[in-house]
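Heads up: the structure comes next, in structure tokens.
The figures that follow rest on heavy atoms only: side chains count, while hydrogens, waters and symmetry mates do not. In what follows, every chain begins at residue 1, and chains take the letters A, B, ... in the order their sequences are listed.
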Protein chains: 2
Amino acid sequence: MAQPHPASANGASGVEQHNGTPAFSPLYQQIKGLLLGSLQAGEWKPGESIPSEMDLAGRYRVSQGTVRKAIDELAAENLVVRRQGKGTFVSTHSEQQSSFRFLRLTPDAGPMKNPAAPQRHIIDCRRARATAEVARALLMKPGDGVLHLRRVLSFSNTPTILEDIWLPGPYFRGLTAERLAADERPMYGMFEAEFNVHMVRAEEKIRAVLPDAEQRRLLNLDGTQMPLLSVERVAFTYNDLPMELRRGLYRTDAHHYSNVLS
Amino acid sequence: MAQPHPASANGASGVEQHNGTPAFSPLYQQIKGLLLGSLQAGEWKPGESIPSEMDLAGRYRVSQGTVRKAIDELAAENLVVRRQGKGTFVSTHSEQQSSFRFLRLTPDAGPMKNPAAPQRHIIDCRRARATAEVARALLMKPGDGVLHLRRVLSFSNTPTILEDIWLPGPYFRGLTAERLAADERPMYGMFEAEFNVHMVRAEEKIRAVLPDAEQRRLLNLDGTQMPLLSVERVAFTYNDLPMELRRGLYRTDAHHYSNVLS
DNA sequence: CAGTGGTCTAGACCACACT
DNA sequence: GTGTGGTCTAGACCACTGC
């Protein structure tokens, strides 16, 4: 990583890969990769600060500006948060108001300054075998052990979301309905602290569906014919490893899924 | 903007506003504001290149790095696209594959390398008076003149999207059903070229709904009871001015609305 | 070849938070 | 005051594009 002279050639410059594309990778990308490795290895835990830019510049034998650009990209991806005068901190789902980082359901009245966290009710929590569909999403083999949760989220005592959640079993040993019910933290915050699983990114596929009888019952929708939003999410950790498949059914008569395009 | 010495104090530094908050604004933010003004004024048209970083640095009496940071932010907001070796270009909706920049509907089979643009069918195009709801969204007064479009988008001959579109009348003089039907460009691309209206950002609110009889008819859904996605969009131009209200009804039996969270 | 954006460095100073 | 991230400059060289 050390450069013999200022602005000297990049170490990888000019190297060709077997497929013929140049292997050029900017220094700051390499630094970013090293930082990602440290995050993934748990060298710095969520909520903690990482070393200062000057420290990292010294460690990697690189100028502060290069470290800065690497951290800029991590911050743009929400993996770290910069706080002027204090330092750079590993992102966490455990803070207040982070219940909604991955939950894009907003009251129709408009977002409040302090949106209330939903009430949670665990309906089911059991070990099971991965179906073909679950296995595909979680990069497992059909029949592998998974943990299946089902819960209902309510806003001001109105059941609004019914969620089925599938987690790869080996990463979540010891997770039970009792522990889930007793825990006050957002689920992803608890995953960080208890199972060292940090969700970093997610993809959602949204459809309109009609609930079946059981789904209507669990959401107190009997006697009505209300269409629901089906939100199918795959959540990923640092290394783009899928660690959760979640299917939510959202009532949208008093809320809406909000999104920004640019 | 000129600095008497390198790294001298920022021009606005230390200034206080009446409300007591410091008026500090980094130089690069001021440059960004000037660039935004030029974009908004049409000094550089969509698709054209803006002056080189060195040129702009000279024009504003600032270092290249400062201009660079300003352009970086514009690029992050998709207002501008950088192309190494060629220049920096004003974003446009008129290019190939940009039909889907604001349309997040994906075939369930998975995105293709060259997604086919949907077939378009104009159902209605008329001048009307803004309802209270439309006026609120477009920052107009109820009763002001608006243009109301209705169209159907089809994928491989299956009507899939029914859209109602409201535009502020004064900005779209001369837009008729005939012109719309004859135009091959994406609608936002045509808006840029013909009406100098460049959509830059949009907010969408998504719900699950049941179509009424007329909506079912227009989407060839008679005889079925299919829930649809209601996608309500407000699109904005450079100065955060809302220039379009659009309500789409999406079939999601063979497509899904896809979104990425981070 | 010249011109563009992209990377990297070194050094200075500013704004902010803690002590 | 000290240490953090944030801004700004000046200059060098690299990678890509097109003449």
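Comparing dG5(D), dT7(C), dA10(C) against the side chain of S63(A) picks out dA10(C) as the nearest. Closest to the K69(A) side chain, of the nucleotides dT7(C), dC8(D), dG6(D), is dT7(C).
Side-chain contact of S154(A) with T160(A): a donor-acceptor pair under 3.5 Å is absent, judged by distance alone. Checked by atom type, the side-chain pair H255(B)/D108(B) shows no donor-acceptor distance below 3.5 Å. Side chains of T92(A) and E192(A): a donor-acceptor N/O pair is present below 3.5 angstrom, by distance only.
Contact annotation: S52(A) reaches the phosphate of dT4(D) (side-chain N/O to OP1 or OP2, under 4.0 Å). Dashed line: the shortest gap from a side-chain N or O of K86(B) to OP1 or OP2 of dG5(C) is not under 4.0 Å.
Proximity of a side-chain donor or acceptor of R233(B) to a complementary backbone N or O of L261(A) within less than 3.5 Å is not detected. Side-chain atoms of R104(A) never come within 3.5 Å of backbone atoms of N259(A) as a donor-acceptor pair (strictly under, hydrogens ignored).
In this structure, T88(A) reaches the sugar-phosphate backbone alone: every heavy-atom distance under 4.0 Å involves primed, P, OP1 or OP2 atoms, never a base.
Pairing for dA10(C) is with dT9(D), a Watson-Crick or G-U wobble pair whose two hydrogen-bonding atom distances lie under 3.5 Å.
Toward the 5′ end of DNA chain C lies the nearest nucleotide of I71(B), the other residue of the pair T66(A) and I71(B) mapping further downstream. Nucleotides of DNA chain C nearest to G85(A) and V67(A) differ in position, and the one nearer the 5' end is that of V67(A).
Per the geometry, CD belonging to E53(B) stands 15 Å off P belonging to dA10(D), to the nearest Å.
Within residues 72-83 of chain B, the residues having any heavy atom closer than 4.0 Å to DNA chain C are, in order of number, R82(B), R83(B).
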*Carefully, step by step, assess E43(A) and K45(A) under the rule salt bridge (charged side-chain N to carboxylate O under 4.0 Å, His left out).*
CA-CA 6 Å; E43(A) 185 174 336; K45(A) 301 277 186 217; over 6 Å; no
